[in-house]
Amino acid sequence: MKEFHKLIKDFKKGKVKKVKKPRIWKEKDVLDGKIVDAFVFILRTSGCRWAKQSGCTMCGYFKESYDAGREEIKKQIAQAIREYNNETIVKIFTSGSFFDEKEIPRDLQSLILKKFEKAKKIIVESRPEFVNALEELKTKTRLEIAMGLESANDKVLKYAINKGFTFQQWKKSAERVIELGKELKVYILIKSPFLTEKEAIDDAIYTVEKVKDMANTISFNPVAIHGKTVVEFLWKHGLYRPPWLWSVIEILKESREIYNGLIKCDVVAGGKERGAHNCGKCDKNLLDIIKNFSLMQEVKETYCYCKEEWRDMLEIEEFFVG
Amino acid sequence: MKFEAIARDCNTRTGYAEIEGKKIKVPNIFWYSSPRLPAPSFAEIKLGEDIGSGGSFFYPKECTFCIPPRLIYPYAFPEEFHKKAFSWNNTHTNIFEIVSAKGGEAKNGFIFVLANSREVFSNPKNFVECIVKVRGKIGYKLLYAPGIATPVNLAFLAYCGIDFFDSLQIILKSRKGIYFTSDGEHLIEELDEYPCSCPFCMKGIGKFEDLLMHNYEVMKNELIKISQYIKQGRLREYVEGKANLSPHLASIIRLMDARHYEYQEKRYPLTGKKFVSSLYSLSRPDIKRFRERVLNRYKKPDSAKILLLLPCSAKKPYSLSKSHKIFNRIISNCKNRYAIHEVIITSPLAIVPRELEYTYPSAHYDISTIGQWYRDEIEMIEKSLQKYLRRNKYEVIINHLPEELSSLSLNTEIINTCSNHPTSEESLKKLSSSLAIAEDFEKISHTKRRYENTLSMLLFQFGNIANKFLRGCKVKGKFPEYKIYYEEKQLASFVAKRGLFSLTFAGGKKMGKNYWVEIEDFKPKGSIFSVGVINADERIRIGDETIAFYEDELRAVGVAKMNAEEMVESDAGEAIKVRHYK
């Protein structure tokens, strides 16, 4: 929505500290039902092309980017390879799209895939408009393409997130990924701005319904308040509350019932003011349940008095009219 | 669907709305109702049950009698967002219609729902601007502000012109363990006794539901209290009293006064009952209107050459007080008493010429006086007097005000007659001897002065047209019961209880098309309803003498029950109470 361009640009103003080193860590993940080690490698690139042109209302990842030239990207790859210790899964993320040549030149995309070909599975992220690159990129390794959809509701995409594509456009790319024999991971946002808590749950489930036959993995992203974003502005004005952890659990439970693939959820800033949180007393417990869910795919029941507060919100929030 | 206001006060009213065949009181509370959160037994209309929700733009729901589906961007967002949202909202209305300060014009909704109400309420400036702007769009139609009402702020919301509230905020607060009284919030666990005898407090508040029900009781009682204050014309007094409970709420009335005098002035009735005045009353719109009219419309009796400044009295009208009876005895003894013009100096009215002492709010305000004045009061009085003296010229000024006020700087020569106390023997002696100066001036007859007093009073009531109206007339009677005659026919009489002149049919004729409304072709008897009013003179306020014409034919004379704007806009309710008709 064009009204968002200027607003988002205004919020992006001001100094941002640039980090030039890649971020690398190791974590647990699931592969074919088994818990395995994963190697995560975040490349610093020029960043998301959409973020430069306009941007999403909740995304502050533009701050992670800097204009890394070809040689610097090569250096980052070399460093990652040095630290790689044959983990089963390799996740290679930029703060944009792996397949965008403006971020990583095509031959370096190839090089990266080749360097990690011993992994059982490589996961990369991309916006849908760049997935045609897959036709040129050859790799023997199992490859999963993670594509942020956020919501399958076009109104949410346009008027709340400013995602820059419609569900149909996204779906075409998703189908292309599948045609080319790759796996598809779908990111779904939990609680886009301008939605009520109840709508946020409904929106996530609606989206699961729409992608459940295409996705190998669904990964839920509860909104965390990134600096210099529309959502941060709303949050600072008391107009946005990150999702309740109860909502996250509700979504995981309902999704489990309608979807057979792998469901994941990493709660960024969980339990903190800027992340999905509850009353403060039960947050740790619920975050553990969610973390456990991502590995075991099972939700453990729990209760806290704040659940009533959350239920009140689910009932009455829509009557607030803003 | 019909709304009829019965009583008006400040910027609001009480009355009845017919919704879906149900007649409910206005103002009223939409009580949220669900199996988990039941509404109280006394709920007249239920939110979530009687009134549904159409959901949002993103996930709209089918509904007919509901808060319509809507796209709401924050008030803090640029206007273009609101324009965009408006263009969608505008096509999704039922009898409820979303209205936003930054959106487009209102359509023909029956109840308007204020968008961003919680957000704007958090900032008194935004809130006040928003309400006034929205009222500009919807006129005198019904306005609902969702999600903000509590027993503490309810009176303020009503004061600003909100008709419908809800119980949502109480649910949230109750869940947080907050126990309401009419004047504050308490944490339930900190109370070792309950200052309430509702069934829930009597039984002892054990669980959330008890607390919620107690809070609902408090809210209901507050609503009843407010409705009663409106009917008594005393809402402002109540609101001023509550203002000290919270700076946030105080800011709301202060901002209304400071920035929206015009909005308020045209809504405030012209007459009213006795009320208590506080420091907030200095900017009370009907008080300010009185001061403005004294300075801008009123002119002193022409032949009065001596200005006598007198202190006010607690008893009203002043002339009934002990002190003023004493002053009157001294003035009566003066050989040329009608050359003297008595003017009472007071807060918060500043200047009350004796002829206006019956006129609202001169005879109606009550204020604590201990002989010490606030700077704001002194400043207001001084400025008013200076302005008054630029417009009204006297030969001599005698100041019989107590010491605390004798330092008023009036840029002119003054004879001070008061030492220590205005009624002390010494002061009265001095006053008496100073008033003897009146004998130096042309002798003024009672008849002449009475005519001039009448003109002064008429100027205050009707403005300049009074000159033309009174030309060729005779005035009879003893103050304040002045009667005006023209060619042996009575035109008007001063009704002390109203503090205004009431016109006869002949008086209406002489007044012509002033303070007049244009009505449809019918014979008005007891009342003229607003449906019958085509046009109305914008000067008309609630309580004004009003004259009704059909084309060029005078049909009735009566008292306005609405202001001009509302008479033209609204389609139900009494616009004019008819006194004389053809």
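Keep in mind that what you see is a predicted model, and the values were worked out from it rather than measured. Lettering of chains follows the sequences in order, A, B, ..., and the numbering in each one begins at 1.
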Other residues, nucleotides, ligands: >12 heavy atoms within 6.0 Å of [X] [atom1]:
X        : atom1 : result
B:Lys107 : NZ    : yes
B:Glu62  : CD    : no
A:Lys307 : NZ    : yes
B:Lys25  : NZ    : no
A:Lys2   : NZ    : no
A:Lys210 : NZ    : no
A:Lys52  : NZ    : yes
A:Glu273 : CD    : no

Interface moiety of [X] toward chain B, non-hydrogen atoms closer than 4.5 Å:
X        : answer
A:Phe4   : both
A:Leu239 : side chain
A:Asp203 : both
A:Tyr305 : side chain

Chain A-proximal positions within residues 81-98 of chain B [heavy-atom distance under 4.5 Å]: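 Within residues 81-98 of chain B, the residues that come under 4.5 Å of chain A (heavy atoms only) are B:Phe81, B:Lys84, B:Trp88, B:Ile98.
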Where does [X] contact chain A at under 4.5 Å (heavy atoms): side chain, backbone, both or neither?
X        : value
B:Pro60  : side chain
B:Phe57  : both
B:Arg175 : both
B:Leu168 : both

Gap between atom CG of B:Asp166 and atom CZ of A:Phe320 - 0.5 Å precision: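 A:Phe320 CZ to B:Asp166 CG: 7.5 Å, rounded to 0.5 Å.
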Point-to-point distance, once rounded to the nearest 0.5 Å, from CG of A:Leu314 to OG of B:Ser34: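 Rounded to the nearest 0.5 Å, the CG-OG separation comes to 11.0 Å.
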Residues A:Ile316, B:Leu172; criterion side-chain contact (heavy atoms from CB on, under 4.5 Å); working and verdict: CA-CA 9 Å; A:Ile316 68 178; B:Leu172 299 185; 3.7 Å; yes
Leading residue by heavy atom contact count with chain B [cutoff under 4.5 Å; candidates A:Met313, A:His237, A:Arg311, A:Glu317]: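 Answer, by heavy-atom pair count under 4.5 Å with chain B: A:Arg311.
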Where [X] and [Y] come nearest, the two heavy atoms and their spacing:
X        : Y        : result
B:Pro78  : A:Leu7   : CD-CD1, 3.8 Å
A:Phe319 : B:Pro146 : O-CB, 3.3 Å
B:Ile72  : A:Phe194 : O-CD2, 4.3 Å

Ionic contact status for A:Glu308 with B:Arg36, cut-off 4.0 Å: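 Yes, B:Arg36 and A:Glu308 are salt-bridged.
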pair B:Tyr59-A:Asn153: side-chain heavy atoms closer than 4.5 Å: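 When only atoms from C-beta onward are counted, A:Asn153 and B:Tyr59 do touch, with a gap below 4.5 Å.
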B:Phe58 vs A:Thr196 side-chain heavy atoms within contact, under 4.5 Å: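 Not touching, per the 4.5 Å side-chain cut-off.
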Side-chain donor-acceptor pair present, B:Tyr32, A:Glu315, cut-off under 3.5 Å: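 Short answer, yes.
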side-chain hydrogen bond (donor to acceptor under 3.5 Å, both in side chains) partner of B:Ser56, chosen from A:Lys198, A:Lys155, A:Glu199, A:Glu318: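 In the set A:Lys198, A:Lys155, A:Glu199, A:Glu318, the residue that makes a side-chain hydrogen bond (donor to acceptor under 3.5 Å, both in side chains) with B:Ser56 is A:Glu199.
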Selection from B:Leu71, B:Val120, B:Leu37, B:Val113 maximising heavy-atom pairs under 4.5 Å formed with chain A: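 Between B:Leu71, B:Val120, B:Leu37, B:Val113, the count favours B:Leu37.
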